[in-house]
Amino acid sequence: MKRRQLIAGAGTIGITGLAGCLGTVGLDRHEATPAGIDPEVREEAGYERTDVDELRLEETVSVSVISQELVLINALTEYEKTIDMGLLGEHQGAEFVVLSSPQVGIAGRQLNPIGERSASDLVDLVVSTYDGLGSVDHDSDEELTILEQTTTLSTFTGEAEFDGRTVDVDVLVTETVDAGDDLVATLGVYPTYLDDEGEHVRSLMSGVLEELPD
């Protein structure tokens, strides 16, 4: 699976009863701080950090008759694990992503659309940035603790392409939790036949840190 850049429009948010230009209150551009995984947890699960990339989202915020483009620069911290895939040989076939998204608010309202998205919406967002990952369907939900907060962990089934061949995969994704000035969600993808990999992914999720460790 290869990730591609995405500039997504998440829609329009309307706010009434406020005056002035949104730019004057700092609502034009916001950038997240990359989050990561506790190194001991990462090493025990067998994953390596491979990249820290950006996911750019654009939103139109309307205040009375004034509209302003809201640009959210989200951080994607990416991890991979090399696994034996039988006839396909060894591949970086298990992937894990920590998504950090800046919290933006005015007059008590949160304007970041990431925080309002369900696990299914988050899967659609992240899947849309990867070539070769699709046919994702919801399977089950459970609770998990991340950064001392209880959130929903959803399991999906899907398909991924490796060297032109289709492999059944499990996709695990958590809804967002607060991480200082940002929101954090996580996603793991691995071949379904790896029965134990789900527990490794859950350990990575529980080992999230607000800031990227050295």
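Residue indices begin at 1 and follow the sequence shown.
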Can you tell if the side chain of E210 reaches within under 4.5 Å of the side chain of V184, non-hydrogen atoms only?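 When only atoms from C-beta onward are counted, V184 and E210 do not touch, as no gap falls below 4.5 Å.
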Sub-4.5 Å side-chain heavy-atom contact between T157 and V136: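 Contact flag for T157/V136 side chains = no.
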Quick check on Q149: does its CD atom have over 12 non-hydrogen neighbours (other residues, nucleotides or ligands) under 6.0 Å away? yes
To the nearest 0.5 Å, what is the distance between [atom1] ([X]) and [atom2] ([Y])?
X: D181; Y: E31; atom1: CG; atom2: CD; result: 12.5 Å
X: E159; Y: D137; atom1: CD; atom2: CG; result: 9.0 Å
X: I146; Y: E175; atom1: CD1; atom2: CD; result: 10.5 Å
X: L187; Y: F96; atom1: CG; atom2: CZ; result: 8.0 Å
X: T151; Y: E142; atom1: OG1; atom2: CD; result: 11.0 Å
X: E40; Y: S203; atom1: CD; atom2: OG; result: 12.5 Å

Take D141 and S154 through the side-chain hydrogen bond (donor to acceptor under 3.5 Å, both in side chains) test and state the conclusion after the steps. CA-CA 4 Å; D141 295 318; S154 297; 2.5 Å; yes
Please name the pair of heavy atoms, one in [X] and one in [Y], separated by the smallest distance, quoted to 0.1 Å.
X: A75; Y: A32; value: N-CB, 4.2 Å
X: P102; Y: I73; value: CD-O, 3.9 Å
X: P191; Y: G93; value: CD-O, 3.4 Å
X: Y190; Y: G198; value: OH-CA, 3.2 Å

Please test T186 against L204 for side-chain contact (heavy atoms from CB on, under 4.5 Å), starting from the C-alpha separation and ending with a verdict. CA-CA 9 Å; T186 64; L204 294 175; over 6 Å; no
[Y] backbone acceptor or donor facing [X] side chain under 3.5 Å:
X: E211; Y: T33; result: no
X: S140; Y: T155; result: no
X: T50; Y: E78; result: yes
X: T77; Y: A35; result: yes
X: S101; Y: N74; result: no
X: Q103; Y: D182; result: yes

Consider only side-chain heavy atoms of I, L, V, M, F, W and Y, link residues closer than 4.5 Å, and tell whether V41 and Y47 are in one cluster.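 Both belong to a single hydrophobic cluster.
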Spell out, yes or no, whether L209 and V201 are grouped together once hydrophobic residues are joined by side-chain heavy atoms under 4.5 Å, including indirect joins.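 In one cluster with L209: V201, no.
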Chi angles and distances behind the side-chain contact (heavy atoms from CB on, under 4.5 Å) call for L172, L153: CA-CA 7 Å; L172 275 59; L153 164 60; 3.9 Å; yes
Let's go through H200 and L194 carefully: what are the C-alpha distance in whole Å and the side-chain angles of both, what is the deciding distance for side-chain contact (heavy atoms from CB on, under 4.5 Å) to 0.1 Å, and is it a yes or a no? CA-CA 10 Å; H200 291 312; L194 295 176; over 6 Å; no
Audit row: I37, V208, side-chain contact (heavy atoms from CB on, under 4.5 Å) steps and yes/no: CA-CA 5 Å; I37 304 298; V208 166; 3.8 Å; yes
